[in-house]
Novice: 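I'd like to ask you about the structure that follows.
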Amino acid sequence: MTMPAPIISKPMAIEKDWIDYNGHLNMAYYNVLFDRCSDEAFELMGMGPNYAKERRLTIYTAEVHVCYVQELHLDHKVNVSFQLIDHDEKRLRVYQEIRHVDGWLAATSESLSLHVDMAGPKVAPFPADVMAQVEAMRAAHAALPMPERAGRSIGIKRRSA
């Protein structure tokens, strides 16, 4: 199977219950959208719901950095992308974007995920069959440019007096 580069979700609608008192998408639900796309990517790498149920192995999120670029509202539809930008025997570094179906950028996310043996739970190496799929995805995504927003840190820039 050829891995898409990047992975792009099918269009997703913003749900009514996700709108906050400011009239736009509550920050928590950006993560829901990112997660739904991640689930599609994990399934392609052999780590979907059956993987957790049958093999008792799964993915845990260790760190996430979200940038909210432009507000989303109830009538909006979005696509979410998934780009595997790095991995090792136990971890995945992923960059994602939420884009309105018209193409404008709404949010970005960079995350570090851990492969976990649920018996511990403890961080564990990917099994060989899954590692082969992770490497196939990384090879497909290696041709993509490093996202400009990847590797950002949080800080307050001060103007010199």
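All residue numbers in this chain count up from 1 along the given sequence.
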Novice: Check the hydrophobic clustering (I, L, V, M, F, W, Y; side-chain heavy atoms under 4.5 Å; chains of links allowed) and say if Met27 and Ile14 are grouped together.
Specialist: yes
Novice: Under 4.5 Å between any side-chain heavy atoms of Glu135 and Arg138, yes or no?
Specialist: no
Novice: Quick one: do Val134 and Ile85 end up in the same hydrophobic cluster if we chain Ile, Leu, Val, Met, Phe, Trp and Tyr together by side-chain heavy atoms under 4.5 Å apart?
Specialist: no
Novice: How far does CD1 of Ile59 sit from CZ of Arg91, to the nearest 0.5 angstrom?
Specialist: 12.5 Å
Novice: Below 3.5 Å, can you tabulate the donor-acceptor pairs from side chains in residues 33-45 to any protein atom, sequence neighbours excluded?
Specialist:
residue: Ser38; atom: OG; partner: Phe34; partner atom: O; Å: 3.1
residue: Ser38; atom: OG; partner: Gln96; partner atom: OE1; Å: 3.2
residue: Ser38; atom: OG; partner: Gln96; partner atom: NE2; Å: 3.4

Novice: Taking all atoms of both residues into account, what is the closest heavy-atom pair of Met137 and Phe82, and its distance?
Specialist: SD-CE2, 3.7 Å
Novice: If I compare all heavy atoms of Pro11 with all of Asn79, which pair ends up nearest, and what's the gap?
Specialist: N-ND2, 3.3 Å
Novice: If you round to the nearest 0.5 Å, how far is CD of Glu89 from NE2 of His87?
Specialist: 9.0 Å
Novice: Just by distance, do the side chain of Ser109 and the backbone of Val66 share a donor-acceptor pair under 3.5 Å?
Specialist: no
Novice: Quick check: does any side chain N or O of Ser9 sit under 3.5 Å from a backbone N or O of Val80, one acting as donor and the other as acceptor?
Specialist: yes
Novice: Using a 4.5 Å cut-off on heavy atoms from C-beta on, say whether the side chain of Gln83 contacts that of Val94.
Specialist: no
Novice: Would you mind writing out the side-chain donor-acceptor pairs for residues 111-120 within the sub-3.5 Å range, not counting sequence neighbours?
Specialist:
residue: His115; atom: ND1; partner: Ala124; partner atom: O; Å: 2.9
residue: His115; atom: ND1; partner: Pro125; partner atom: O; Å: 3.3
residue: His115; atom: NE2; partner: Tyr51; partner atom: OH; Å: 2.6
residue: Asp117; atom: OD1; partner: Ala119; partner atom: N; Å: 2.9

Novice: So, do Met47 and Phe126 sit near enough that their side-chain heavy atoms are less than 4.5 Å apart?
Specialist: yes
Novice: Are Arg99 and Ser81 packed together at the side-chain level, in the sense that at least one heavy-atom pair is separated by less than 4.5 angstrom?
Specialist: no
Novice: Please check this pair: side chain of Glu110 against backbone of Gly151, looking for a donor-acceptor N/O pair closer than 3.5 Å.
Specialist: yes
Novice: Side chains of His100 and Gln70: closer than 4.5 Å at any heavy-atom pair?
Specialist: no
Novice: If you compare all heavy atoms of Ile98 against all heavy atoms of Leu105, which two are closest, and at what distance to 0.1 Å?
Specialist: O-CD1, 3.7 Å
Novice: Just verifying a value: how many Å separate Lys122 NZ and Lys90 NZ, rounded to the nearest 0.5 Å?
Specialist: 9.0 Å
Novice: Is any side-chain heavy atom of Val101 closer than 4.5 Å to a side-chain heavy atom of Val78?
Specialist: no
Novice: Going by the rule ring-ring contact (aromatic ring centres under 6.0 Å, His included), which residues pair with Tyr68 if we only count those two or more places apart in sequence or in a different chain?
Specialist: Tyr30
Novice: Nearest 0.5 Å, what's the NE2-OG1 distance between His65 and Thr108?
Specialist: 7.0 Å
Novice: Nearest 0.5 Å, what's the CG-CH2 distance between Leu25 and Trp18?
Specialist: 7.0 Å
Novice: How close do Val130 and Arg55 get, counting heavy atoms only, and between which atoms?
Specialist: CG2-NH1, 4.2 Å
Novice: Is there a donor-acceptor pair under 3.5 Å between the side chain of Asn22 and the backbone N or O of His24?
Specialist: no
Novice: Measure up the His76 and His73 rings against each other and bin them: parallel (under 30°), tilted (30 to 60°), perpendicular (over 60°).
Specialist: perpendicular
Novice: If you define the side chain from C-beta out and look only at heavy atoms, does anything of Pro6 sit under 4.5 Å from Tyr95?
Specialist: no
Novice: Please find the pair of heavy atoms, one from Ile19 and one from Leu74, that lie closest to each other, and give the distance.
Specialist: CD1-N, 3.6 Å
Novice: Side chains of Val32 and Glu15: closer than 4.5 Å at any heavy-atom pair?
Specialist: no
